[in-house]
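One is the number of the first residue; the rest follow in order along the sequence.
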Amino acid sequence: MSKSNGFSNYSQRGAYHWRQISRSIRDHNVFVSARYHKILDRLGDLNGKTVLDVGGGDGALSYLLTRKNGLPLVIDISFQALQYARAEFKKRRIFIECLQGSADKLPFSDETFDAVVGCEVIEHLSNPDQFLCECSRILRTEGLLVLTTPLRITESPSQANHEREFFAGELRGSLENYFSMVRVDSFAPVFWFEIINFRPKLFMNRPVFLYFLNIIELWFGKNLLMGSLPYRYQSCLIGSAIKIPR
């Protein structure tokens, strides 16, 4: 994907998204899991459908797409991330094609895919409208775009490698420029986000509350960041839109 603000997560942390969806209480991350499962829920039935995972990085989300019988393809601007993706797919004896490319110039013909996903991608792009235009172009008629992005809660982006963050209405307006049947919802209350990043000195600066929330999801199947809780401020947006000729 095209970014003017790059980051080095993969060089520093390896294939970290795979650890975040693992069964390890220490490595699992309910925040990342919530984003992925929101996307999977919004996609619905994927049986035999082609899905482009834009900015798919180390391939963890695409792996989950195959678990729903989808046919994903990963594209990312990071060669290193794609190397990790290929290695992880090989371990599991699955084949998912991985291509290096930019989100604002997708190397595919018109009407190629049944669905496109972009998990935490659009906030990194210097030209998000061009990305959405490209998604519309490569989707088949009645194809579905699903993306997640941080909900804007500060005047400037909350992270240095974010080009832009969106209010719900801003994201909806951008999607409506290129798609029909737009839906934008928020999730992951800031309350929980702050808790999972709290590291008490009493527990040697470990994220014990994250471990607790991980246990609730891994043992009891309940991710508290996905539900509609009575807190005013959310931290994430999920947007979806369908391509219908106008």
Side-chain angles (χ1 to χ4, degrees), residues 7 9-10 12-44 53 55-68 81 84 88 92 117-124 146-154 157-162 165-168 171 184-240:
F7 54 89
N9 281 353
Y10 292 109
Q12 295 173 357
R13 301 168 64 187
Y16 62 99
H17 291 112
W18 289 87
R19 296 192 296 276
Q20 291 172 334
I21 64 170
S22 72
R23 300 289 302 177
S24 165
I25 292 172
R26 293 184 62 182
D27 293 332
H28 189 81
N29 188 302
V30 287
F31 189 58
V32 173
S33 177
R35 294 198 305 247
Y36 286 174
H37 284 94
K38 282 286 185 179
I39 289 173
L40 295 170
D41 289 348
R42 190 64 62 92
L43 285 168
D53 184 1
D58 57 24
L61 174 57
S62 279
Y63 169 69
L64 296 178
L65 293 171
T66 66
R67 299 287 298 272
K68 291 194 67 175
Y84 286 126
E88 294 294 336
R92 292 160 178 81
V117 297
C119 183
E120 308 299 288
V121 172
I122 195 170
E123 67 273 10
H124 294 288
V146 180
L147 56 84
T148 63
T149 189
L151 193 158
R152 179 180 172 185
I153 57 174
T154 56
S158 59
Q159 296 185 33
N161 60 1
H162 290 181
E165 293 172 355
F166 296 80
F167 293 122
L171 182 61
V184 176
D185 297 304
S186 60
F187 66 101
V190 174
F191 171 81
W192 287 121
F193 182 68
E194 294 296 332
I195 280 182
I196 67 176
N197 286 288
F198 182 53
R199 296 170 179 262
K201 290 183 180 179
L202 179 63
F203 295 97
M204 302 177 64
N205 296 318
R206 292 191 175 119
V208 290
F209 294 107
L210 172 61
Y211 299 160
F212 175 71
L213 292 174
N214 285 343
I215 289 171
I216 292 175
E217 180 175 21
L218 294 173
W219 292 6
F220 302 103
K222 180 69 174 178
N223 187 317
L224 297 180
L225 278 77
M226 290 183 64
S228 299
L229 297 176
Y231 297 103
R232 180 177 179 185
Y233 298 107
Q234 311 288 325
S235 63
C236 287
L237 293 172
I238 179 166
S240 60

*Hey, which of E217, K38, Q20 is the one that makes side-chain hydrogen bond (donor to acceptor under 3.5 Å, both in side chains) with S33?*
E217
*Just jot down the ring-ring contact (aromatic ring centres under 6.0 Å, His included) partners of F193, sequence neighbours excluded, or say none.*
F31
*Can you spot which of E120, R35, E123 makes a side-chain hydrogen bond (donor to acceptor under 3.5 Å, both in side chains) with T148?*
E120
_For A34 versus N223, what's the shortest heavy-atom pair and its separation?_
N-ND2, 3.5 Å
*State whether R42 and D185 are salt-bridged, where the test is any N-O pair (Lys NZ or Arg NE/NH1/NH2 against Asp/Glu carboxylate O) under 4.0 Å.*
yes
*For the residue pair R13 and R19, what are the closest heavy atoms and their distance?*
O-NH2, 2.6 Å
Run the side-chain donor-acceptor check on residues 202-211: report pairs under 3.5 Å with partners two or more places apart or on a different chain.
none

*From H17 atom NE2 to Y10 atom OH, the distance as rounded to the nearest 0.5 Å*: 4.5 Å
*Examine distances only and state if a side-chain atom of K68 and a backbone atom of G44 form a donor-acceptor pair shorter than 3.5 Å.*
yes
_If I compare all heavy atoms of L171 with all of I122, which pair ends up nearest, and what's the gap?_
CD1-CD1, 4.5 Å
*For residues S186 and L237, report the shortest heavy-atom separation together with the two atoms involved.*
CB-CD2, 4.0 Å
*Is N29 close to Y16 at the side-chain level, that is, under 4.5 Å between some pair of heavy atoms?*
no
*Mind listing the closest non-hydrogen atom pair of H28 and S22 along with its distance?*
ND1-O, 2.8 Å
*Got a second to check how far Y36's OH is from S62's OG, nearest 0.5 Å?*
9.0 Å
*How far does CG of L151 sit from CZ of F167, to the nearest 0.5 angstrom?*
7.5 Å
*Is it true that Y84 and W18 have ring centroids separated by less than 6.0 Å?*
no
*Flag yes if more than 12 heavy atoms outside R92 fall under 6.0 Å of its CZ atom; otherwise flag no.*
yes
_L61 side, atom CG; T66 side, atom OG1 - distance, nearest 0.5 Å_ = 10.0 Å
_Non-hydrogen atoms of L225 and F187 that approach each other most closely_ = O-CD1, 3.8 Å
*Once you round to the nearest 0.5 Å, how far does CE of M226 lie from CG of D41?*
4.5 Å
*Would you say the side chain of L43 lies within less than 4.5 Å of the side chain of L65, judging by non-hydrogen atoms?*
yes
*asked:* Less than 4.5 Å apart, side chain to side chain, heavy atoms only: is that true for L224 and V30?
replied: no
_Distance check, rounded to the nearest 0.5 Å: I215 atom CD1 versus F220 atom CZ?_
8.5 Å
